[in-house]
Amino acid sequence: MDKELSPEVKQEVERQLAILQRGVAEILPAADLEKKLIRSVTTRKPLKVKLGLDPSAPDIHLGHTVVLNKLRQFQDLGHLVQLVIGDFTGRIGDPTGKSETRRQLTEDEVKENAQSYADQLFLILDRDQTEIHFNSKWLSPLDFTAVVDLAAKTTVARMLERDDFSKRYHSGQAISVHEFFYPLMQGYDSVALESDVELGGTDQTFNLLMGRQLQPHYGQEEQVILTMPLIEGLDGVKKMSKSLGNYIGIQEPAAEIYGKAMSIPDELMVKYYELVTNFPLDQLAAVKKGLAESTLHPRDAKMALAHRITAMYQGNAAADEAEAGFKRVFQERSLPKDIPSKTIASTDLEDGKIWIVPLLAKLDLVASNGDARRMVKQGAVKVAEEKVTDVDARIEVTEGMIIQVGKRKFAKVMMGE
RNA sequence: GGAGGGAUAGCGAAGUGGCCAAACGCAGCAGACUGUAAAUCUGCCGGCUCCGCCUUCGUAGGUUCGAAUCCUACUCCCUCCA
């Protein structure tokens, strides 16, 4: 660091750097971030920190929060966040999705999705330090001349550096020309907004760098790239994503968030602590040590993690309740507090009895009658705390009777007409 | 414009006339165990009125006692050459 700097500035920059470096995968290049921070601190001008969002999938899950938490840290340090809704990009189609022709979103849909995004994002971000932009604003007006001009700023060889492209190229798979435009468009967003920093997952590195490459051509200083690790989903292997169904949505019920968090593999706990919570780093070191030396029970560490995550999005009280429910069901093996009620029509009964197989189906506890048979055969079914293993069993149902399939599915029977 | 390859259950991938409701892997579900919905092990994993029957192997026809497997047309995808 420059020695002409006042100790105050120096100290402040160091403080900010320490916070911003937490959990990041890469800062490209690290020296530039420091340089920008020094300038920001001395001139008291916030950095403009950009994040691009896909307008078609407005359900935020923990995977997204890795990046969002980092943005929040920038805000806490006084910086400005620029969210870019990729409505233009979304209108053209999908870059890698081959067969799935993505339907064009209408203007209204884009607006609606953006609103839904905002509602969720501001659970994490500070509204007052956030700008929302739509990239169609500057991408739509570009004419072909401008596009060619933009395309001339990079080369095919450079494009083929992208892992995805080079793999497909060498294995003889198709790459459509327009796919080259996605990184360019994203890069141009940075030009349009004069971004100082752009965030993204490590899988976005190439696209992020494109902005850095383009900015000097438009007389701007290059943005700094900050990539965050991708977080594995519940299976512990693949990255968390909605389409893989291995995600924890931040708007899910507390019990779901808590339970799902409890189902992550042990090995992932520390990473989750680091990336999806604001757990203090020095305390995290203690947790790590405790786990390594077996002085801390992994289950307890995970429960604390699950509680923390739940509390972040559903509040402390809800987290307490979720935890209590979890203990009740899984540690004490007793019934949960809230069991969904389902109605059984009296016309389905014969002498007050009903065959177990359709009963389970009617209660939505199984996918099909075949599934019901399987569950019964496997000893997964309990009626009023009694295990039922006879597929032909006739059950005498009574109002308020509890039926259970497996460990997690319950229903309370209500009698209807 | 020409040549070739391919479309199989949620996904990936075998099968190329009967032993195919279709191997195997992943995902999913259940049981046991435990430290939790971790890990591990075991089982299940198209539908039904389930020792039997029905509908599935891109779509529509056809050959055959019998087809995911052979033929015809169509649709879609991919590669190579120009």
Side-chain angles (χ1 to χ4, degrees), chain A residues 94 96-101 167-176 179 232-248 252-273 287 290-291 293-310 319 322-336 348 350 354-362 364-382 387-394 403-410:
Chain A
D94 188 80
T96 44
K98 296 159 212 171
S99 50
E100 323 152 34
T101 35
K167 270 193 199 134
R168 282 158 66 195
Y169 184 68
H170 288 297
S171 68
Q173 283 185 291
I175 302 171
S176 298
E179 293 185 52
E232 291 83 357
L234 304 180
D235 54 279
V237 181
K238 297 194 184 107
K239 85 167 183 181
M240 186 178 286
S241 80
K242 198 179 176 191
S243 53
L244 291 174
N246 62 353
Y247 68 102
I248 302 177
E252 293 190 73
E256 276 300 295
I257 296 181
Y258 191 93
K260 282 184 175 182
M262 285 306 286
S263 80
I264 64 166
D266 288 0
E267 305 74 62
L268 230 49
M269 268 195 279
V270 169
K271 191 166 181 184
Y272 269 54
Y273 263 113
V287 169
L291 288 173
E293 294 172 359
S294 301
T295 52
L296 173 63
H297 200 299
R299 179 202 54 203
D300 295 335
K302 204 184 284 179
M303 286 178 87
L305 172 67
H307 187 281
R308 206 173 186 90
I309 293 172
T310 310
E323 183 162 284
F326 185 86
K327 281 184 186 159
R328 190 160 43 234
V329 177
F330 297 106
Q331 291 184 350
E332 297 161 22
R333 289 287 163 101
S334 52
L335 300 171
D348 290 328
E350 239 176 82
I354 180 169
W355 181 24
I356 184 74
V357 169
L359 174 63
L360 298 179
K362 283 179 197 300
D364 288 329
L365 293 169
V366 293
S368 66
N369 285 6
D371 194 28
R373 285 167 183 279
R374 264 173 245 135
M375 291 302 128
V376 174
K377 280 184 200 150
Q378 290 181 130
V381 176
K382 274 189 194 168
K387 191 175 271 192
V388 175
T389 48
D390 177 12
V391 181
D392 297 318
R394 305 257 150 194
I403 317 259
Q404 176 178 4
V405 174
K407 295 190 183 73
R408 303 168 52 192
K409 282 172 289 200
F410 301 87

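Each chain gets a letter, A, B and so on, in the order its sequence line appears, and its residues count up from 1. Every heavy atom of this structure was used, including side-chain atoms; hydrogens, water molecules and symmetry mates were not.
Counting atom types as modelled, A:Arg333 pairs a side-chain N or O with a base atom of B:U34 as donor and acceptor under 3.5 Å. Side chain A:Asp300 to base B:G35: no donor-acceptor pair is found below 3.5 Å. For A:Arg408 and B:A37, a side-chain-to-base donor-acceptor distance below 3.5 Å is present, hydrogens and geometry of angles not being considered.
Side-chain proximity of A:Ser368 to the nucleotides B:C48, B:C45, B:C29 is greatest for B:C48. Among B:C29, B:A37, B:U36, the nucleotide with an atom closest to any side-chain atom of A:Met262 is B:U36. Counting only heavy atoms from C-beta on, A:Gln378 has its side chain closest to B:A30 among B:A37, B:A30, B:C50. Out of B:G31, B:U36, B:U49, the shortest distance to the side chain of A:Arg373 is found at B:U49. Of the listed nucleotides (B:C48, B:U36, B:G31), B:U36 has the atom at the smallest distance from the side chain of A:Gln331. Which of B:C50, B:C29, B:A38 sits closest to the side chain of A:Asn369 comes down to B:C50. Comparing B:A37, B:A38, B:A30 by their nearest atom to the side chain of A:Phe330 picks out B:A37. With B:G31, B:U36, B:A30 as the choices, the nucleotide that has an atom nearest any side-chain atom of A:Met375 turns out to be B:A30.
Pair assignment for B:C53 gives B:G47, based on Watson-Crick or G-U wobble hydrogen-bonding distances that are each under 3.5 Å. Pair assignment for B:G10: B:C26, on the basis of Watson-Crick or G-U wobble contacts that are both within less than 3.5 Å. Searching all strands for a Watson-Crick or G-U wobble partner of B:G1 with both distances below 3.5 Å returns B:C81. The partner of B:G18 is B:C65, by the rule that a Watson-Crick or G-U pair needs both atom distances under 3.5 Å. In a base pair of the Watson-Crick type (N1 to N3 plus N6-O4 or O6-N4) or a G-U wobble (N1-O2 and O6-N3), with each distance short of 3.5 Å, B:A32 is matched with B:U40.
Remark: C1' of B:C26 and CG of A:Asp235 are 10 Å apart, rounded to the nearest angstrom. Put simply, CG on A:Leu365 is 15 Å from P on B:C29, counting in whole angstrom units.
Taking the centre and axis of the six-membered ring of A:Tyr247, the NZ or CZ atom of A:Lys260 falls inside the cone set by 45° and 6.0 Å.
No side-chain donor-acceptor contact under 3.5 Å links A:Thr310 to the backbone of A:Ile257. A:Lys302 places a side-chain N or O within donor-acceptor distance of the main-chain N or O of A:Ile264, the cut-off being under 3.5 Å. Looking only at distances, no side-chain donor or acceptor of A:Glu323 sits under 3.5 Å from a matching main-chain atom of A:Gly325. A donor-acceptor pair is defined here as one N or O able to donate and one able to accept, closer than 3.5 Å; no such pair exists between the side chain of A:Tyr273 and the backbone of A:Leu268.
Among the protein residues, A:Pro298 comes within range of the nucleic acid bases, having at least one heavy atom under 4.0 Å from a base atom. A:Gly259 comes within 4.0 angstrom of a nucleotide base, judged by non-hydrogen atoms across all strands. Nucleic acid contact for A:Lys407: sugar-phosphate only, since backbone atoms but no base atoms lie under 4.0 Å from a heavy atom of the residue. Counting non-hydrogen atoms under 4.0 angstrom, A:Gly379 reaches the backbone sugars and phosphates but no base.
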Which pairs, protein N/O on one side and nucleotides 51-55 of chain B N/O on the other, fall under 3.5 Å?
none

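Atom NZ of A:Lys382 has 12 or fewer heavy atoms from other residues, nucleotides or ligands within 6.0 Å. Annotation for A:Glu332: atom CD counts as buried by contact number, over 12 foreign heavy atoms lying within 6.0 Å.
Annotation: B:C77 and B:U59 have their C1' atoms spaced 15 Å apart (nearest Å). Straight-line distance between the P atoms of B:A38 and B:C29: roughly 10 Å, to the nearest whole Å.
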